[in-house]
Amino acid sequence: MNEQIPSSTVRVFIALAPPDDAKDELARELEPAYRAYPRLRWNRVEDWHVTLAFLGELPVAAVPPLRPPLADLAEARRPVDLALRGSGSFDGRVLWSGIDGDLDGLHRLAGEVRTVVRECGIAFEERPLRPHLTLARARRDDLSGVVEAADGIASFTGRPWRADRLHLVGSNIGRGPGPIRYRDIASWKFTGER
């Protein structure tokens, strides 16, 4: 019997998630690309998210101290109004949909999230925020399809939606041969005035 040993680390990020109807709208737009480029490693629609801070692999014990300050942050903040719009690729390998709407508010929120993470003593690579939703990745042995799929949805403009929850997310990346899976460690509703 293969008994799975619990890992002492978890890959963590903090994100926003579009509502199901906004994701469904983009998924319908992607149907021709799903058929035309089946070799792309398509992200599961239920896992689509907008990363605010990628923390990487952390000791499991480092995660609980993030909860109270992130909960306080969400309690103080208003939701952010966003939309999915356009597309592109990173280096012809990663297909993404762009983010439109209150980008200033999104950048402020990401800055506040990153401040909380630093104040919790967690070191992470602070890349500039490039708001996007990752849709698919090319396989190492086959780079075809990403640029073409991006061109196919370049004119997409999704309906506006409200990002009303902050998500602390863990992933199983590197934990097995199957697809990457994400799960909420915790999430908090935005209820504040600022």
Side-chain angles (χ1 to χ4, degrees), residues 1-20 22-23 41-82 84 90 93-94 96-97 99 102-103 105-137 161-194:
M1 177 195 290
N2 274 345
E3 192 171 315
Q4 196 161 25
I5 300 168
S7 176
S8 61
T9 63
V10 62
R11 186 165 287 224
V12 177
F13 58 90
I14 300 162
L16 303 175
D20 289 345
K23 292 189 285 191
R41 293 182 312 145
W42 291 97
N43 288 5
R44 298 178 333 145
V45 172
E46 57 267 34
D47 288 338
W48 286 352
H49 62 272
V50 179
T51 302
L52 301 174
F54 179 74
L55 310 186
E57 199 78 22
L58 298 179
V60 169
V63 177
L66 287 167
R67 290 176 183 228
L70 289 172
D72 291 345
L73 172 61
E75 186 178 339
R77 290 291 260 110
R78 273 194 313 250
V80 182
D81 293 319
L82 302 171
L84 300 174
F90 296 130
R93 296 184 54 90
V94 177
W96 52 261
S97 175
I99 305 298
D102 182 6
L103 297 181
L106 182 62
H107 280 274
R108 280 192 304 277
L109 174 60
E112 292 170 10
V113 163
R114 293 168 183 211
T115 296
V116 163
V117 172
R118 284 191 302 275
E119 288 173 350
C120 286
I122 296 174
F124 65 102
E125 187 177 344
E126 293 201 47
R127 297 179 180 156
L129 180 66
R130 295 171 69 179
H132 69 280
L133 194 76
T134 300
L135 304 173
R137 289 175 175 77
W161 50 274
R162 181 159 280 184
D164 62 358
R165 294 190 79 78
L166 184 65
H167 299 265
L168 177 62
V169 183
S171 81
N172 70 342
I173 191 163
R175 306 260 192 265
I180 298 170
R181 299 278 194 247
Y182 301 108
R183 63 175 176 78
D184 270 4
I185 295 169
S187 70
W188 304 272
K189 193 162 185 61
F190 293 119
T191 57
E193 296 301 316
R194 63 177 168 102

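Everything numeric in this text was worked out from a predicted model, so none of it was measured. By convention here, the first residue in the shown sequence is residue 1.
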Roughly how far apart are Trp96 CH2 and Leu84 CG, rounded to 0.5 Å? 11.5 Å
Heavy atoms, side chains only, cut-off 4.5 Å: are Asp72 and Trp188 in contact? no
So, for Pro64 and Ala61, which heavy atoms are closest and what is the spacing to 0.1 Å? CD-O, 3.5 Å
Please check if atom CD in Glu46 has more than 12 non-hydrogen atoms from other residues, nucleotides or ligands closer than 6.0 Å. yes
Please round to the nearest 0.5 Å and tell me the distance separating atom CG of Leu70 and atom CD of Glu75. 13.0 Å
Could you measure the distance from the CG atom of Asp81 to the CG atom of Asp164? Nearest 0.5 Å is fine. 10.0 Å
Output the distance between atom CZ (Arg108) and atom CG (Asp102), rounded to the nearest 0.5 Å. 6.0 Å
Does the side chain of Leu66 come within less than 4.5 Å of Leu55's, by heavy atoms? yes
How close do Pro68 and Pro65 get, counting heavy atoms only, and between which atoms? CD-O, 3.6 Å
Apply side chain to side chain contact (heavy atoms under 4.5 Å, CB included) to the pair Val113 and Leu109, showing each step before the final yes or no. CA-CA 6 Å; Val113 163; Leu109 174 60; 4.2 Å; yes
Just jot down the side chain to side chain contact (heavy atoms under 4.5 Å, CB included) partners of Arg183, sequence neighbours excluded, or say none. Val10, Ile185
Rounded to the nearest 0.5 Å, how far does CG of Leu16 lie from CG of Leu166? 6.5 Å
Decide yes or no on side chain to side chain contact (heavy atoms under 4.5 Å, CB included) for Val50 and Leu133, but give the supporting numbers first. CA-CA 5 Å; Val50 179; Leu133 194 76; 4.2 Å; yes
Taking side chain to side chain contact (heavy atoms under 4.5 Å, CB included) as the test, write out the residues that go with Val169, two or more places apart. Phe13, His167, Tyr182, Asp184
Contact check, side chains of Arg162 and Pro19, non-hydrogen atoms, under 4.5 Å: no
Taking the side chain as every heavy atom from C-beta outward, state whether Leu106 and Leu52 have any atom pair closer than 4.5 Å. yes
CZ of Arg114: more than 12 outside heavy atoms within 6.0 angstrom? yes
Can you confirm whether more than 12 heavy atoms, excluding those of Arg118, are under 6.0 Å from its CZ atom? yes
Calculate, to the nearest 0.5 Å, the distance between atoms CG and CG belonging to Leu82 and Leu103 respectively. 7.0 Å
Closest heavy-atom contact between Leu129 and Ala110? CD2-CB, 3.6 Å
Atom of Leu58, atom of Ile122 and distance for their closest heavy-atom approach: CD2-CG2, 3.8 Å
Which heavy atom of Pro79 sits nearest a heavy atom of Phe190, and at what distance? N-CB, 3.7 Å
Can you tell if the side chain of Arg130 reaches within under 4.5 Å of the side chain of Phe90, non-hydrogen atoms only? yes
Smallest heavy-atom separation, Trp48 atom then Thr134 atom, equals CD1-O, 3.7 Å
